[in-house]
Visitor: 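Structure incoming, see below.
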Amino acid sequence: MTELRYESAPFAVRGDLTAAHRRAWRRLACPGTWLTGEQRVAIAAETRKAKSCSLCRRRKAAVSPLAIKGEHDTLSALSKPVVDVIHRIATDPGRLTQSWYHQIIASGISDSAYVEIVSVVATVVLLDTFARGLGIPAPALPHPIDGEPSLERPASAKLDVAWVPMIGVEGPE
């Protein structure tokens with residue numbers, strides 16, 4: 001497996017932070033709750049591809065991203081709706097709307113798979129941005145780990161403010 005390394009960084013990185021980042025990077029390669037390791041790594045690769053997508057650049061510059069039609073520059077065999085989710089989250093997350101989310105769900109992506117896609121995109125963006133901030137190259141993507149997703153949806157998941165199922169968390173009393 002490809003290891004995330006910060007030894008070449010011009011700044012020291014705390015050991016606990018490095019360990020957390022390594023766990024997150026390794027986790028990208030593992031089967032998730034709704035997606036296989038292969039799908040998760042493909043989403044990670046597509047997240048990086050979104051930065052150079054000409055459609056995403058045109059949409060970002062437009063008053064409304066929906067006014068710009070076209071095809072994403074893609075490098076994977078992921079479905080068009082999944083590629084759109086990845087690219088929109090990676091390049092223009094501030095303009096995502098509830099109606100866009102409902103279109104995504106209507107395209108056949110489950111709310112649970114959507115949550116997992118968001119988590120993979122967020123992990124890649126965070127760790128790539130961290131590496132860029134250190135002045136080092138982004139880590140190579142991990143190799144996918146075989147296995148099936150768990151398909152376990154928490155019983156406490158419910159529709160909430162982010163348009164997706166949320167697990168209730170009890171706060172301090």
Visitor: Using distance alone, with no hydrogens and no angle criterion, decide if T36 and Q39 have a side-chain donor and acceptor under 3.5 Å apart.
Guide: yes
Visitor: Once rounded to the nearest 0.5 Å, what's the spacing between atom CD1 of I86 and atom OG1 of T74?
Guide: 7.5 Å
Visitor: Salt-bridge test for D128 and R48: reply yes if a basic N is under 4.0 Å from a carboxylate O, no otherwise.
Guide: yes
Visitor: What pair of heavy atoms forms the shortest contact from E116 to G32, and how long is it?
Guide: OE2-CA, 3.1 Å
Visitor: Is the shortest heavy-atom distance from the side chain of Y101 to the side chain of Y114 under 4.5 Å?
Guide: yes
Visitor: Going from CG on L28 to CZ on R26, what distance comes out if it is rounded to the nearest 0.5 angstrom?
Guide: 11.5 Å
Visitor: Using 0.5 Å steps for rounding, measure from the OG atom of S54 to the CD atom of E71.
Guide: 10.5 Å
Visitor: Would you tell me whether E152 and T33 have side-chain atoms, one donor and one acceptor, within less than 3.5 Å of each other?
Guide: no
Visitor: Quick one, V85 and W100 - any side-chain contact, counting heavy atoms below 4.5 Å?
Guide: yes
Visitor: First locate atom CZ of R88, then atom SG of C56, and finally report the distance between them rounded to the nearest 0.5 Å.
Guide: 8.5 Å
Visitor: How long is the straight-line distance from CG of L17 back to CZ of R22, given to the nearest 0.5 Å?
Guide: 11.0 Å
Visitor: Side-chain contact, heavy-atom cut-off 4.5 Å: K80 with H72?
Guide: no
Visitor: Measure across W34 and S112 and return the closest heavy-atom pair with its distance rounded to 0.1 Å.
Guide: NE1-CB, 3.0 Å
Visitor: Do S99 and T97 meet the criterion of a side-chain donor-acceptor pair at a distance under 3.5 Å?
Guide: yes
Visitor: Verify, without hydrogens or angle tests, whether R59 (side chain) and I68 (backbone) share a donor-acceptor contact under 3.5 angstrom.
Guide: yes
Visitor: Please check this pair: side chain of W25 against backbone of T123, looking for a donor-acceptor N/O pair closer than 3.5 Å.
Guide: no
Visitor: Of all heavy-atom pairs between I109 and I105, which one has the smallest distance, and what is that distance?
Guide: O-CD1, 3.2 Å
Visitor: Looking at every non-hydrogen atom in both residues, tell me the closest pair between T91 and H87 and how far apart they are.
Guide: OG1-O, 2.6 Å
Visitor: Just so I know, are the side chains of R5 and P139 near enough to count as touching, which here means a heavy-atom distance under 4.5 Å?
Guide: no
Visitor: Quick check: do L75 and E46 have side-chain heavy atoms less than 4.5 Å from each other?
Guide: yes
Visitor: Are L134 and V125 grouped together when hydrophobic residues (ILVMFWY) are joined by side-chain heavy atoms under 4.5 angstrom apart?
Guide: yes
Visitor: Restricting to non-hydrogen atoms, name the atom on L127 and the atom on A24 that form the minimum distance, rounded to 0.1 Å.
Guide: CD1-CB, 4.3 Å
Visitor: How are the rings of H21 and F130 set to each other: parallel, tilted or perpendicular (split at 30° and 60°)?
Guide: perpendicular
Visitor: Does this structure show an ion pair linking D73 with K51, if we count only N-O contacts that are shorter than 4.0 Å?
Guide: no
Visitor: Quick one, R153 with D111, criterion salt bridge (charged side-chain N to carboxylate O under 4.0 Å, His left out). Give me CA distance, side-chain angles, the key distance, then yes/no.
Guide: CA-CA 11 Å; R153 184 181 177 111; D111 57 357; 2.9 Å; yes
Visitor: Atom CZ in R57, atom CG in L55: separation rounded to 0.5 Å?
Guide: 10.0 Å
Visitor: Quick check: are there more than 12 heavy atoms from other residues, nucleotides or ligands sitting under 6.0 Å from CD of E148?
Guide: no
Visitor: Please say whether more than 12 non-hydrogen atoms of neighbouring residues, nucleotides or ligands are located less than 6.0 Å from CG in D16.
Guide: yes
Visitor: Sub-3.5 Å donor-acceptor pair from the side chain of R132 to the main-chain atoms of A138, do we have one?
Guide: no
Visitor: Quick one: does L35's side chain get under 4.5 Å of I117's, heavy atoms only?
Guide: yes
Visitor: Any side-chain to backbone donor/acceptor pair from E38 onto P144? Under 3.5 Å, distance only.
Guide: no
Visitor: Just by modelled atom types, is the P31 backbone N or O under 3.5 Å from a matching donor or acceptor in the R27 side chain?
Guide: yes
Visitor: So, for V120 and A44, which heavy atoms are closest and what is the spacing to 0.1 Å?
Guide: CG1-N, 3.9 Å
